[in-house]
Every structure is written in structure tokens, then in C-alpha cells.
Amino acid sequence: MNETRYRILDAIAEEPVSGPELAASLGVSRTAVWKHIEALREAGFSIESDGGYRLTGVPEYGGPAIELGLDAPFTVEYHDSLPSTNARARELAEAGETDRVVVANEQTGGRGRLDREWASPPGGIWCSVLCRPALPPAHVPVLTLAAAVAAVETAREAGVDAGIKWPNDVLVPTEDGEEKLVGILTEMEGEADRVSWVVVGIGVNVRSEGLPAGGTGLLAHTDDLDRRAFVQRLLERFDALRGEPETVLSMWREHALTLGKRVRIETPGGEVVGEAVDVEFPGSLVVETDEGTRRVHAGDCEHLRPV
Ligand code: BTN
């Protein structure tokens, strides 16, 4: 959001402030203040003007609403509908942007891992974070783990008992298995020694309608969901974790559903079956197999029933 608008909202959040006072404190004309107030009203903010301007309501969702009160250095771009927030974030990356978040209410061409489609009905939380970390490409998986940790902790704070399946699915355990709540798709571009940009796309199901079998939404597990606050906390957690790989790994272990389970992993080099015993930097799963210890860097993981 425009810096001046942000400062106006901040100033009028607690008590009424007159147009001339705002103009003086911001160093702009009274006409400029009036124009900013009108623009904020158009963006959905309720602002009374009796005895000074006062903020009386914030839009339920959207870019300015997410940015207001967000304790992380991201600019948020909101769309009611987009083919894919990852695709839009890639466009922003190609235009040289960084620390941008693209949020959509609905995606019409949502993309998942391994070239799969990702169902993204209206009312879900579909967002992509664009950043330019000082990392070699080989270390980027730790950012994906950071997003999974941020998502699982935010879901738990919202009252949903979720855990992580390696590498980065957030699932809700059920009586006869698990249902998928969150998926993460990380894309990047860079040289051998340093990435140019990374887009971390996070899809959090909210309603269960319109999801494929095996999917679940936050509202199936809690009645009390504030999407705006959910996205804010998710972004703040991701921001705090993105420079802390050791913390990411220890928190990932704490929330893991995979560790201690028998797993089958489809890797590009074939199938690995055994007990998942640990995760190592930058996100490899350590599996004890009949043939010895294997470290798996990428693949599709399935939790198996104990033998
Ligand atoms: C998966 O296959 O589990 C990953 C799914 C990732 C979906 C998210 S929704 C926001 C972002 N935009 C996309 O097109 N995909 C990711």
C-alpha cells in the first residue's frame, strides 16, 4: 500500500484526527489527504469524518487489509481471480520485484507439484511469496520447509490439529488416514552458486467443497476463521523463519507426521521404502531401508501402515 495511506490509517486507528492535522503531520496538502481518504474508502476501509477522520472498519480481505498490521516487509497484491498466483509472482520476478506477495480469492489454473493441477475454489487462501534470498539453489528446499512450518503453526493457532508430511504437505490426521490441508509449490531461477529469485506458493484449503478426494479445508475443523489474520500470521512466520535454517529444521521435526513412520518414496532414481528417521539440511529425508540408510532429496512420499 502507498506509504502515505498506511500512515493515515495508522494515525486515525485510535482516535479522530482532523484533515489539517493529518496534512501537517504527513507534510502533504489537505486536498491530498482528502484524496487518500477517498481512495481508502474505495478500497473498503470505513472512515468516519465527524469531528476528524477515524478508522471504524477494515475490509475483511484483500491487499490493503492484509498489509495493514502485517509485521513483515511484504507488499501484497490481491486479485479476486487469477489463473495462478505463482505465475503472477513469476511475472513480478521477471520485472525485477522482490518481497512481494500475490494473493487470490480463486485460481482458475492453480498448479501443484509434479505438474499436477491444484483445485483452488473461491474463498481459499492462495498466495505466493516472491523473494531473492542470498542462497545457492541447492539450499532452497529449506525455504519450502519454512513455509510448511509457518503453515502448520498458523493452522494450529487457528485450532486445526495439523502436521507435516515430508517434504511439505500439511495434513490433518483422521481416524483412517490423513487429509491434505496445505500444499506448497516452490519455483526458482538462478545461477549455479546463487538464486536470482524464489517463488514460494502456498495453498491453504478453506472450504472442503470443490476439493479432490483426500483434501480438507480449515472450516471442517474450526468455526472461527479470519482469513486476513491467517494470511498475516502465515507471512510473518515465513518471514521470521526464512533466515533461520536450524530453527526451521527443529520446528519441522517437532511438527512432522512422517518421522517414525514407514514410507514409500517415488524418487527420480526409483522407489525407496523404509522407516523415516530424520530430516537433514536442506530438507533431505533420512530413511532406514533393508539395504541401509538412504538420504532422499526429492520425491513423492506415501505413509505406509506399520508391518
Ligand atoms: C502441491 O502439489 O501440493 C502444491 C500445491 C501448491 C498450490 C499453491 S496455491 C498458490 C500457488 N499458486 C499455484 O498455482 N500453486 C500454488
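For this chain, numbers begin at 1 and follow the sequence in order. In listed order, ligands and their atoms are each counted from 1.
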Ring pair (Phe, Tyr, Trp, His ring centres under 6.0 Å) partners of F45, counting only residues at least two apart: none
Residue R294 excluded, over 12 heavy atoms near CZ under 6.0 Å: no
For T222, all residues meeting side-chain hydrogen bond (donor to acceptor under 3.5 Å, both in side chains), sequence neighbours excluded: none
Distance-only donor-acceptor pairs under 3.5 Å for side chains of residues 65-76, two or more places apart:
residue, atom, partner, partner atom, Å
E67, OE1, M1, N, 2.2
E67, OE2, M1, N, 3.0
E67, OE2, V76, N, 2.6

Contact residues of ligand 1, where a non-hydrogen atom lies under 4.0 Å away: S84, T85, N86, Q107, G110, R111, G112, R113, W118, C127, S128, D169, K180, G183, I184, L185, G201, I202, G203
SB check K261 E275 (cutoff 4.0 Å): no
Distance under 6.0 Å and angle within 45° of ring axis: R227 vs Y61: yes
